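Remember, it's a predicted structure, so these values are computed and weren't measured experimentally. Just follow the structure's listing: the first ligand is 1, and inside any ligand the first atom is 1.
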Amino acid sequence: MSKHQKDLTIDKLMDKIKTYITDEKELDIIKEAYKFAYEKHFGQKRLTGEEYIIHPLNVAYILTRINADYETLSAALLHDTIEDCNVTKEEIEEKFGHNIMTLVEGVTKINKLNLSGTTEALINNQRKILVGLSEDVRVIIIKLADRLNNMQTLFVHSEKKQKETAKETLDILTPIADRLGINSIKQDLEELCLRYSKPDEYYDIVEKLNATKAERDNSVAKMIESVSELLNKHDIKHEIFGRSKSIYSIYKKLEKGKRFSEIYDLLALRILVDTEQDCYQALGIIHSKYRPKPRRFKDYIAMPKTNMYQSLHTTVFGVDGQLFEIQIRTYDMDRVAEYGIASHWSYKEKGSVKAVMQNEMEQKLQFFRAIMDLRKEQDNPEEFVNTVKKEVFQNMIYVFTPLGDVIELPNGSTPIDFAYKVHSKVGDHAVGAIVNSNMVPLDYKLKSDDIVKIITNNNSIGPSREWLNIVATTQAKNKIKAFFNKASKEENLKKGEEILSKELRKQKISNDEFWGDEKSKKLLADLKINSNNELYSNLGSGKLSISVVMDNYLKKEVSKDEKILEKATKNSQKQSDNNSLISIAGIDDIKVNLASCCNPVPGDRIVGYITKGYGVTIHRMVCPNVSNLDERLIEVKWNKEVSKLPTNILVRASSDNNSLINIISKAANNDIPVRKFTSRHSKEDDSIELTVLVNNKEQLLKLMNDIKMIPEVTDVERFIR
Ligand code: MN
């Protein structure tokens with residue numbers, strides 16, 4: 001296990017870095033980052049009494065263990081400067097470029113999250129947010145190293161803080177480290193967590209290990225010698241290491257009820273060889289001499305773990321009749337096992353853009369695979385990564401049409417995916433499927449070599465919305481969505497046409513008169529609308545309100561009264577700080593925006609949408625701009641104490657010049673400021689759009705009710721843009 005280094009210097013760090021980074025320019029940037037951080041932190045002390053700079057130096061040093069690249073190392077040195085030294089991100093961008101700035105900013109952002117979840121659901125949420133908000137996986141890797149160094153110096157804190165930090169780390173960070181495959185950091189974190197959360201158990205294991213150490217070392221040395229001789233005899237080039245099992249994994253096994261003496265992988269070897277073939281040969285040779293323990297053999301070479309880990313595992317009865325757990329892998333596999341997602345850094349081919357891009361893509365693929373696995377393990381029904389990414393990782397299956405054409409589909413595809421792959425018409429009209437001459441349900445999971453026939457019915461009304469939950473391919477999903485969009489487009493068109501004709505009837509204007517006249521051409525031009533149909537569908541979907549259309553068409557003069565009112569309401573209130581309005585299951589300090597389409601107010605049922613890097617946007621649940629199928633939705637709640645928020649209502653009244661005044665006075669009676677309004681008068685009818693500032697939904701409903709009581713008002717509703 002690595003330790004915090006009190007006397008770490010930049011020279012010592014650079015020596016370590018130079019073992020794998022040789023580019024002078026990159027080395028210079030790292031040194032510059034150090035100088036900058038040193039100056040900015042100058043005079044600041046850690047709780048340990050050390051100069052502050054010792055912390056970022058240690059974080060960078062930890063990252064050299066996984067051969068981190070120069071941008072990551074520079075960002076590690078700078079990682080606390082925004083938060084602790086009032087440095088701006090612009091300053092960092094100017095000096096160190098965009099990439100390093102985004103890394104530092106990312107670490108600053110996630111360091112602000114309060115990750116102290118108390119329930120499984122909260123903890124899930126927090127892991128999801130941590131991963132979801134970090135655009136660059138390197139941000140999380142720096143965070144892991146930052147946390148490791150903070151845990152290495154955790155002794156300075158109170159017992160309460162030690163336990164809290166340990167819990168948070170075990171809940172949130174080690175699972176992420178595991179999924180990213182960064183074992184070397186994960187194991188250190190786990191061990192420190194155990195030491196602080198369960199000190200009795202921890203020191204008990206340490207003691208027992210020490211008591212048996214000499215004996216174990218002796219057995220391991222004998223076994224290494226014996227196995228090495230065996231492999232040499234068969235000309236297999238190799239290295240063998242005795243391996244100590246992590247204290248945390250021993251604790252986990254004891255917790256499951258095993259006795260200390262029966263945890264046989266206390267004795268463990270790792271054999272490194274050159275090729276995959278050597279792995280299997282070595283295994284065979286070892287098994288021929290040492291009897292394997294049944295059911296303990298695992299082939300992670302043929303079947304890698306989802307975090308890319310590859311190795312052969314076996315347990316054999318070795319020297320002195322002792323059980324040995326043996327891992328056999330190539331050097332490359334070993335690097336992946338230790339560095340995980342970070343393993344590709346060391347392969348970066350300088351000067352070849354393509355190689356770098358390739359490398360980056362691989363990192364991303366692994367990362368998303370890792371997240372998916374995280375999701376699966378958490379049994380979280382919400383999908384975290386979108387289906388496109390899923391398709392990339394999953395193995396493909398190959399199925400046949402009845403005519404023998406091969407169709408390639410991702411694993412998990414259904415007859416519906418197949419149907420849409422053949423033709424969108426086949427998909428839209430699919431009503432059943434026959435696979436290998438048997439009728440199957442439409443959510444049947446296809447297997448390679450299946451022969452698939454889709455039964456269609458041209459009179460069917462089209463796909464079912466349920467299918468969106470069944471299909472595995474993006475293609476099918478998009479086509480199903482397109483079908484519904486088209487269907488609702490037609491609906492909107494009809495609705496818009498009705499809205500306009502109704503309005504025209506009220507105004508005693510005929511349809512022909514409206515469309516025949518120059519004013520309507522000007523209207524379309526003003527509103528940047530290309531056709532009658534577009535006007536209808538915008539009206540029908542609510543994108544455009546009829547009052548805007550009629551105002552423009554009639555070019556009504558604004559009355560004097562309104563001008564006065566408008567002036568009076570113009571000194572609009574400043575929007576309050578949104579971050580305190582909303583609580584997101586156990587996360588503090590996350591940037592929150594209220595959606596401007598549906599203007600939620602406290603009391604409304606709401607949902608959050610995690611944006612990449614821009615915090616969470618809050619929508620009303622009824623808002624058509626968020627679909628409940630989205631993977632990025634998250635549960636959110638209103639905080640109790642909030643101040644006035646803007647929201648929009650639409651009032652219709654039979655024509656009366658006083659209705660606007662009446663409405664404003666109702667609002668005033670309810671202590672509700674009116675921020676903005678647009679109204680339109682006609683001989684028979686007024687329609688007024690108001691933006692009001694309310695404390696909550698209750699207050700809004702009361703206002704709407706009061707307005708409804710005004711005799712001339714015919715209708716009041718909230719609207720969504
Ligand atoms: Mn830090």
Atom name of the N, O or S atom in Asp80 that lies nearest to the Mn ion (ligand 1) = OD2
Check whether NZ of the Lys or CZ of the Arg Arg270 lies under 6.0 Å from the centre of the six-membered ring of Phe241 and within 45 degrees of that ring's axis.
-> no
Hey, are Tyr248 and Arg195 close enough side-chain-wise for a donor-acceptor pair under 3.5 Å?
-> no
Pair Asn149, Tyr61: side-chain N/O donor-acceptor within cut-off below 3.5 Å = no
Start with the C-alpha distance between Asp80 and Tyr52, add both sets of side-chain angles, then the distance that settles side-chain contact (heavy atoms from CB on, under 4.5 Å), and finish with yes or no.
-> CA-CA 10 Å; Asp80 278 329; Tyr52 198 97; 2.8 Å; yes
Any idea which N/O/S atom from Asp146 gets closest to the Mn ion (ligand 1)?
-> OD1
Angle in degrees, rounded to 10°, that NE2 of His79 and NE2 of His55 form at the Mn ion (ligand 1) = 90°
